[in-house]
Amino acid sequence: MKKHTKIVLFLIILILSIYFFFHKNYLWGTILIGLSFFPIFFIFRNEFLLLAFFKIRKKDMKGLKKCLEYVKDPKLQLTKNQIAYYYFLNGILYSESDIRQSEIYMQKALDFGLKFKQNIAIAKLNLAIASLSKGDKKRAEVLLLEAKKTDVTGLLHDYIQIIKIQMKKMNISRKNRQNPYFRK
């Protein structure tokens, strides 16, 4: 549902509750006043993004994809902050199957502005993995350093160490490329 539709629904319910108050039907007026806050709540907290976060907590990627498909046009349905988390959730969804698509979504999420440092660290970690898969070791090192700085709680410490070990095993720089015709 679009933001404007939710505002119109709020106004209709509010006018209806005022109508019941004028006709001395206080029970229905109070009930409708209480119900009028639901559309306002869902303007600032999109229902499909809330469901998507519950699906991610359960590690249900099919359910996550289904919830995100309900958001047809993020710019009309979501606020700026919600758009960032919409792209963040899409980045997580595609991180297992298509790392390049995940990189695009994570970069958009960072551009729109994620709120929490832990989410920023996850996004930068995914961008570092994508850069490493492309062969850009320098950018991957910078992104890993930024992810380490923003990971305040230390939840991603093990993942960062694993990626650093993988980077040491890889020999990507142009100077150090091995000659394929060289015999050992």
Side-chain angles (χ1 to χ4, degrees), residues 1-18 32-134 136 139-140 142-153 155-156 159 163:
M1 196 182 308
K2 295 180 183 174
K3 293 183 285 190
H4 304 294
T5 309
K6 292 175 187 175
I7 291 172
V8 168
L9 184 63
F10 165 73
L11 291 175
I12 290 172
I13 294 173
L14 188 66
I15 290 170
L16 195 60
S17 68
I18 291 171
L32 287 176
I33 288 254
L35 287 176
S36 69
F37 291 113
F38 282 110
I40 294 298
F41 174 74
F42 286 127
I43 286 174
F44 298 107
R45 302 281 184 246
N46 187 278
E47 58 272 11
F48 298 117
L49 289 182
L50 290 174
L51 286 172
F53 276 113
F54 286 128
K55 296 294 181 179
I56 243 181
R57 189 173 284 174
K58 292 181 181 180
K59 295 182 174 113
D60 180 17
M61 291 300 169
K62 289 181 182 178
L64 173 66
K65 185 175 183 178
K66 189 176 180 182
C67 287
L68 291 175
E69 285 174 352
Y70 283 112
V71 180
K72 302 288 186 216
D73 190 8
K75 291 192 170 52
L76 287 177
Q77 289 178 290
L78 307 172
T79 62
K80 182 181 176 187
N81 205 14
Q82 290 173 349
I83 292 172
Y85 280 97
Y86 170 76
Y87 288 130
F88 177 72
L89 290 170
N90 272 311
I92 290 174
L93 179 66
Y94 287 106
S95 65
E96 294 177 0
S97 60
D98 186 9
I99 193 72
R100 303 215 190 275
Q101 190 69 23
S102 173
E103 178 187 17
I104 292 168
Y105 282 127
M106 287 297 183
Q107 189 60 50
K108 283 183 179 180
L110 286 174
D111 291 342
F112 273 100
L114 294 171
K115 252 189 197 179
F116 300 110
K117 289 188 177 190
Q118 196 64 34
N119 295 336
I120 294 170
I122 291 170
K124 289 188 179 189
L125 183 67
N126 279 336
L127 286 174
I129 293 169
S131 295
L132 198 59
S133 72
K134 284 189 209 174
D136 192 0
R139 184 169 184 253
V142 169
L143 286 168
L144 273 179
L145 185 64
E146 290 176 7
K148 189 175 183 180
K149 285 180 184 176
T150 55
D151 183 28
V152 179
T153 59
L155 290 173
L156 299 176
Y159 296 112
I163 293 171

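Each residue takes its place number in the sequence, starting with 1.
Thr150 places none of its side-chain heavy atoms less than 4.5 Å from the side chain of Glu146. Within the 4.5 Å cutoff, the side chain of Ile99 has no heavy atoms near those of the Lys134 side chain. The side-chain heavy atoms of Pro39 and Ile7, taken from C-beta on, include no pair separated by under 4.5 Å. At a threshold of 4.5 Å between non-hydrogen side-chain atoms, the residues Arg139 and Leu132 do not count as touching.
Looking at Glu47 and Lys6, a side-chain N of the basic residue comes within less than 4.0 Å of a carboxylate O on the acidic one, giving a salt bridge.
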Task: Trace of the side chain to side chain contact (heavy atoms under 4.5 Å, CB included) decision for Leu125 with Leu143 - done: CA-CA 7 Å; Leu125 183 67; Leu143 286 168; over 6 Å; no
TODO: Assess whether side chain to side chain contact (heavy atoms under 4.5 Å, CB included) is satisfied between Ile92 and Met106, documenting all intermediate values.
DONE: CA-CA 8 Å; Ile92 290 174; Met106 287 297 183; 3.8 Å; yes
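With ring centers used as reference points, Tyr105 lies 6.0 Å or more from Phe88.
For the residue pair Tyr85 and Asn119, a side-chain donor N or O sits within less than 3.5 Å of a side-chain acceptor on the partner. Using a 3.5 Å distance cut-off with no hydrogens or angles, the side chains of Gln118 and Asp151 do pair a donor with an acceptor.
More than 12 heavy atoms of other residues, nucleotides or ligands sit less than 6.0 Å from atom CZ of Phe42.
The CD1 atom of Ile122 sits 12.0 Å away from the CG atom of Leu127 when rounded to the nearest 0.5 Å. For the atom pair OH (Tyr86) and CZ (Phe112), the distance works out to 11.5 Å, reported to the nearest 0.5 Å. One distance of note links OG of Ser102 with CG of Asn126; it measures 4.5 Å at 0.5 Å rounding. Atom-to-atom distance recorded for Gln101:CD and Ser95:OG is 12.0 Å, nearest 0.5 angstrom. Separation of atoms CG (Leu49) and CG (Leu89) is listed at 6.5 Å; rounding is to 0.5 Å. Here the NZ atom belonging to Lys108 is positioned 4.5 Å from the OH atom belonging to Tyr87, to the nearest 0.5 angstrom.
Using cut-offs of 30° and 60° for the angle between ring planes, the Phe37 and Phe10 rings count as tilted.
Sequence neighbours left out, not one pair with a member in residues 72-99 passes salt bridge (Lys or Arg N to Asp or Glu O under 4.0 Å). Residue pairs meeting the side chain to side chain donor-acceptor pair (under 3.5 Å) criterion with at least one member in residues 48-68: none, sequence neighbours excluded.
Counting only distance, with no hydrogens or angles, the side chain of Gln82 and the backbone of Thr79 share a donor-acceptor pair below 3.5 Å.
Here the shortest heavy-atom pairing between Ala84 and Ala109 reads O-CB, 3.3 Å.
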